[in-house]
Amino acid sequence: MDPEEERAQELELLQSMYPDEMTVLSPAVFTISTHLEPPTSSSGGTLKSSNQSLLVRVEYTENYPETAPVIELSLEQGAVETDDAEDGNNGKVFEELIVLDNSDLGALNEKARQEAEDNLGFPSVFAIMSSLKDQAEAILQGKQAERERQREAKIREEEEKEQAKFRGTLVNRENFFDWRRKFKAEIAALVNKDGKDEETRKRPTGREIFEKGLDGSRHSDEDDDESLQQGVKNVSIS
């Protein structure tokens with residue numbers, strides 16, 4: 001088949017497949033925009049959509065499909081939805097958007113080149129588009145997996161810090177004997193303090209000694225009268 005006729009047939013077929021996504025600039029140049037689906041979480045939930053698309057510009061070469069077309073890639077960013085997507089299992093909301101950036105276009109350009117070379121001699125634009133969409137969404141999924149890995153690593157780190165608070169110091173011979181020495185010293189100090197306090201509590205004060213006459217300096221007349229009365233009671237009359 002004549003290359004020009006093959007190009008015309010492919011162009012017509014692509015217009016029917018991408019009625020809203022394709023823009024024909026000339027019989028040899030057109031663009032196709034392919035929407036990228038958001039990645040899924042490890043639990044199976046679909047994340048919030050970034051509303052990002054991959055724009056593919058195709059230019060037929062003179063001898064296409066015997067030679068590869070010229071492919072140029074760029075990113076399109078649409079308006080982002082305001083509602084948060086929920087995780088399918090636990091309803092967790094993922095605030096961060098997973099998107100492609102210009103650094104990812106290198107890998108996608110290489111993918112397009114390989115696909116075009118693999119299909120030399122055949123109309124290849126649809127195969128290139130399908131391959132690019134799969135590769136772009138695989139990159140997004142890889143970014144999501146890495147983000148989850150970092151999040152889980154941070155959670156494990158925080159849990160490790162909390163557990164470390166309850167583990168204390170590992171016991172070895174040196175710190176055990178050091179602890180025992182300090183423990184005995186604390187116990188001895190408490191015993192000595194308690195013993196001294198007990199003696200202090202039992203020892204009478206100066207006022208108590210004076211009031212009780214324990215020092216022999218106080219012997220009142222009342223004591224003498226009381227002794228006399230007691231003697232009279234003991235005298236018996238015969």
Run the side-chain contact (heavy atoms from CB on, under 4.5 Å) test on Q52 and L75 for me, step by step, so that the C-alpha distance in whole Å, both residues' side-chain angles and the decisive distance to 0.1 Å come before the verdict.
CA-CA 7 Å; Q52 193 174 47; L75 297 171; 4.0 Å; yes
Smallest heavy-atom separation, D101 atom then K143 atom, equals OD2-NZ, 3.6 Å
Sidechain N-carboxylate O distance under 4.0 Å for E137, K133
yes
Interatomic distance, CD@E115 vs CD@Q135, rounded to 0.5 Å, equals 10.5 Å
ILVMFWY cluster, L120 and V125 together (side-chain gap under 4.5 Å)
no
Mind listing the side-chain donor-acceptor pairs of residues 18-31 below 3.5 Å, one per line with the distance, residues two or more places apart or on another chain?
from	atom 1	to	atom 2	distance (Å)
S26	OG	A28	N	3.3
S26	OG	V29	N	3.1

**Q.** Check against side-chain hydrogen bond (donor to acceptor under 3.5 Å, both in side chains), Q163 and E159
**A.** CA-CA 6 Å; Q163 293 174 1; E159 290 176 347; 5.2 Å; no
Quiz item: Taking C-beta and beyond as the side chain, do I32 and L54 meet within less than 4.5 Å on heavy atoms?
Solution: no
Separation between CZ (R181) and CZ (F176), nearest 0.5 Å, reads 13.0 Å
Sorted by chain and number, sequence neighbours left out, side-chain hydrogen bond (donor to acceptor under 3.5 Å, both in side chains) with E117 holds for R113
Query raised in the report: So do the side chains of Q9 and L13 get within less than 4.5 Å of each other, counting heavy atoms only?
Result: no
Residues pairing under side-chain hydrogen bond (donor to acceptor under 3.5 Å, both in side chains) where one sits in residues 65-79, two or more places apart or in two chains, turn out to be S33-E76, T61-T67
Answer yes or no: does atom CD of Q150 have more than 12 heavy-atom neighbours from other residues, nucleotides or ligands under 6.0 Å?
yes
Membership question, hydrophobic clusters at under 4.5 Å side-chain separation (ILVMFWY): are F122 and M17 in the same one? no
- request: For the pair E37 and L140, evaluate side-chain contact (heavy atoms from CB on, under 4.5 Å) and give the outcome as yes or no after the intermediate values.
  value: CA-CA 9 Å; E37 297 296 328; L140 290 175; over 6 Å; no
Worked verdict on Y64 versus E6 for side-chain contact (heavy atoms from CB on, under 4.5 Å)
CA-CA 8 Å; Y64 176 85; E6 283 192 282; over 6 Å; no
Counting N and O atoms only, with roles assigned by atom type, does the side chain of S131 sit under 3.5 Å from a partner on the main chain of A127, one being a donor and the other an acceptor? no
TODO: Go through the side-chain N and O atoms of N175 and D178 and say whether any donor and acceptor fall under 3.5 Å apart.
DONE: no
- Taking it one step at a time, do E152 and R149 satisfy salt bridge (Lys or Arg N to Asp or Glu O under 4.0 Å)? CA-CA 5 Å; E152 291 171 358; R149 187 195 66 79; over 6 Å; no
For A136 and L108 the tightest heavy-atom approach is N-CD2, 3.7 Å
ask   = Is the closest side-chain heavy-atom distance between I71 and V58 below 4.5 Å?
value = yes
**Prompt:** Does the side chain of L132 come within less than 4.5 Å of D134's, by heavy atoms?
**Reply:** no
Using a 6.0 Å cut-off, check whether atom CZ of F177 has over 12 heavy atoms from anything other than its own residue.
yes
#### Entry: Under 3.5 Å: donor-acceptor pair, side chain of N109, backbone of L105
yes
CD1 (I155) and CD (E148) are apart, to the nearest 0.5 Å, by 10.0 Å
Inset, instruction - Before accepting this row, confirm whether a basic side-chain N of the pair E59/R57 lies closer than 4.0 Å to the acidic partner's carboxylate O. - result: yes
Q. If you draw a 6.0 Å radius around CD in E12, do more than 12 non-hydrogen atoms from other residues or ligands fall strictly inside?
A. no
Under the side-chain contact (heavy atoms from CB on, under 4.5 Å) rule, what do K161 and E157 come out as? Steps first, then yes or no, please.
CA-CA 6 Å; K161 288 181 181 179; E157 181 180 355; 3.9 Å; yes
Just wondering, do Q144 and T40 contact through their side chains at under 4.5 Å, heavy atoms?
no
Looking only at heavy atoms, the pair that brings S124 and E10 closest together is N-OE2, 3.3 Å
